[in-house]
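See structure below.
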Amino acid sequence: NLDVVLPKDAANLSVTAKTGAGNVTVEVGSGYAGSNIISAGSGAGNVVVSIPGDIAARIHAATGWGKVLMDPRFSQTDKDTYQSSDFDRAVDKIEITAKSGAGNVSVNSM
């Protein structure tokens, strides 16, 4: 398993958290600035990403055999993409890719 807690008040981060068979949990801190990229994935485990409710985000979420469980504040824009209503006009935002081959993918607001 892989648990990642990202710092508060970060800017322009690019983070990758992946494992072959364990669960991956990423907790995003508050106060992000600029464009930030987070990639979380597992071959056979669950992937959970928690982000503050005030951060604009676009999420690419996919799973082979599990379910995608998306926070209701994100609207689905195509098959595997969801985003907050303020993403396109936000200066400070996060782009998240969350994938699992055989587990669930969950994105929630804190």
Side-chain angles (χ1 to χ4, degrees):
N1 293 338
L2 180 61
D3 295 319
V4 178
V5 178
L6 299 176
K8 293 181 179 180
D9 302 321
N12 301 313
L13 285 180
S14 180
V15 176
T16 301
K18 294 187 179 184
T19 184
N23 296 329
V24 175
T25 302
V26 178
E27 185 177 316
V28 178
S30 61
Y32 273 48
S35 293
N36 299 274
I37 300 169
I38 298 170
S39 178
S42 177
N46 295 322
V47 175
V48 177
V49 179
S50 298
I51 63 174
D54 61 346
I55 294 178
R58 175 182 292 146
I59 300 121
H60 307 280
T63 180
W65 290 0
K67 295 179 185 175
V68 172
L69 306 166
M70 188 61 56
D71 187 291
R73 84 175 179 107
F74 301 106
S75 300
Q76 192 167 9
T77 60
D78 70 28
K79 182 178 179 253
D80 295 329
T81 305
Y82 304 79
Q83 74 181 39
S84 58
S85 60
D86 58 346
F87 182 83
D88 288 328
R89 65 183 180 280
V91 173
D92 303 321
K93 53 187 151 188
I94 298 176
E95 184 119 11
I96 299 167
T97 301
K99 295 183 180 180
S100 178
N104 294 332
V105 172
S106 301
V107 177
N108 56 66
S109 297
M110 306 183 297

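Keep in mind that what you see is a predicted model, and the values were worked out from it rather than measured. When reading the values below, keep in mind they use all heavy atoms of this one structure, side chains included, and skip hydrogens, waters and symmetry mates.
From Ser39, atom OG reaches atom CD of Glu95 across 11.0 Å, with rounding to the nearest 0.5 Å. Taking NE2 of His60 as the reference point, atom CG of Asp80 lies at 9.5 Å (rounded to 0.5 Å). A distance of 10.0 Å separates CG in Asn108 from CE in Met70, rounded to the nearest 0.5 Å. From Tyr32, atom OH reaches atom CG of Leu13 across 5.0 Å, with rounding to the nearest 0.5 Å. Between the CD1 atom of Ile96 and the CD1 atom of Ile37 there is a distance of 11.0 Å, given to the nearest 0.5 Å. Of the inter-residue distances, the one linking Ile55 atom CD1 with Asp92 atom CG reads 9.0 Å to the nearest 0.5 angstrom.
Checking side-chain atoms of Asn1 against main-chain N and O of Asn23 turns up a donor-acceptor pair under 3.5 Å.
Side-chain contact between Ile38 and Asn36 is absent, with no heavy-atom pair separated by less than 4.5 Å. Proximity of Asn104 to Thr63: side-chain heavy atoms (C-beta onward) are nowhere separated by under 4.5 Å. The closest side-chain heavy-atom distance from Val28 to Pro52 is below 4.5 Å. Thr81 is listed as a side-chain neighbour of Arg58, based on a closest heavy-atom distance under 4.5 Å.
Connection of Val15 to Ile59 is established within a shared hydrophobic cluster, with ILVMFWY side chains joined at heavy-atom distances below 4.5 Å, either directly or through further cluster members. In the hydrophobic clustering of ILVMFWY residues, with side-chain heavy atoms under 4.5 Å counting as a link, Val26 and Ile51 come out together. Follow the hydrophobic side-chain contacts under 4.5 Å out from Val68 and you reach Ile94 in the same cluster.
Considering all non-hydrogen atoms of both residues, Gly53 and Arg73 come closest at O-NH1, 3.2 Å. In terms of heavy-atom proximity, Ala90 sits nearest to Ala56 at CB-CB, 3.5 Å. For the pair Ser42 and Gly45, the tightest heavy-atom approach, listed with the atom from each and the gap, is OG-N, 2.7 Å. The two residues Val105 and Ser100 have their closest heavy-atom pair at CG2-N, 3.8 Å. Ala61 and Tyr82 get closest at one heavy-atom pair: CB-CE1, 4.4 Å. In plain terms, the two heavy atoms of Ala17 and Val24 that are nearest each other are O-CG1, 3.8 Å.
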Walk me through it: do Phe74 and Val107 pass the test side chain to side chain contact (heavy atoms under 4.5 Å, CB included)? CA-CA 9 Å; Phe74 301 106; Val107 177; 4.2 Å; yes
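Between the side chains of Asp86 and Ser84, a donor-acceptor pair is found at a separation under 3.5 Å.
Residue-environment remark: NZ (Lys99) stays at or below the threshold of 12 foreign heavy atoms within 6.0 Å.
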